[in-house]
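Everything numeric in this text was worked out from a predicted model, so none of it was measured. For the numbers below, each heavy atom of this structure counts, side chains included, while hydrogens, waters and symmetry mates do not. Numbering of ligands and ligand atoms starts at 1, following listing order.
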Amino acid sequence: MIVSFELNGKDVHVETSSDRRAVDLLREDLGLAGTKESCGNGDCGACSILVDDKARLSCLTLAAQLQGRKVVTIEGVCGEDGRLHPVQKAFIESGALQCGYCTPGMVIAVIDLLNSNPSPSRNEIREAISGNLCRCGAYQKILDAVEEVVKDSKKEAS
Ligand code: FES
Ligand code: FES
């Protein structure tokens, strides 16, 4: 079957099988290896992508379910000029990563959160990333990074 969808702002049409997982389509067929796979069964959040602006687990999503959707992977969150997304920038500046394996999924989860709640409390941030596991235990710095993004966006708005 051919699946057609918008991927990081561009239309793609890709031949795939009906049981192909989205994570495999993205990483192996389309070469977007920024999306990570760890558990492969919905428990870690490493494989998160945005589908129609909502975070989805690509290991539990079939490629066919992307048909007609707007899909953004970690490669697509930066600006057109290549500038890092504010969440990516804050993660770097706050030292919110160690090995970085969970980071793409964490960034996607945080973008999803800020899309719906631009001013989350620390507890709301904690809740939003509760499905994303960090084996390095960088949680406190991740929370700090998200709080920095929120603080900066409030400053810009005032
Ligand atoms: S790899 Fe998808 S949730 Fe862990
Ligand atoms: S930074 Fe290593 S798993 Fe999170």
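By the 4.5 Å heavy-atom criterion applied to side chains, Val150 and Leu114 are counted as neighbours.
Geometrically, Arg126 does not engage Tyr139 in a cation-pi contact, judged by NZ or CZ lying under 6.0 Å from the ring centre and within 45° of the ring axis.
Within a 6.0 Å sphere centred on CZ of Arg20, heavy atoms belonging to other residues, nucleotides or ligands number more than 12. Within a 6.0 Å radius of CD in Glu28, more than 12 heavy atoms belonging to other residues, nucleotides or ligands are found.
Residues passing the side-chain contact (heavy atoms from CB on, under 4.5 Å) test with Cys102, sequence neighbours excluded: Met106, Cys134. For Lys54, the side-chain contact (heavy atoms from CB on, under 4.5 Å) partners at least two apart in sequence or on another chain are Arg56, Asp112.
Taking the charged nitrogens against the carboxylate oxygens, Asp52 and Lys70 have no contact shorter than 4.0 Å, which rules out a salt bridge. Ion pairing between a basic and an acidic side chain is recognised when a charged N comes within 4.0 Å of a carboxylate O; Lys89 and Asp152 show no such pairing. With respect to the salt-bridge test (charged N to carboxylate O, under 4.0 angstrom), the residues Glu6 and Lys10 do not qualify.
The number of protein N/O/S atoms found under 2.8 Å from atom 2 (Fe) of ligand 1 is 2.
Counting only protein atoms, the N, O or S atoms lying less than 2.8 Å from atom 2 (Fe) of ligand 2 are Cys99 SG, Cys136 SG, ordered by chain and residue number.
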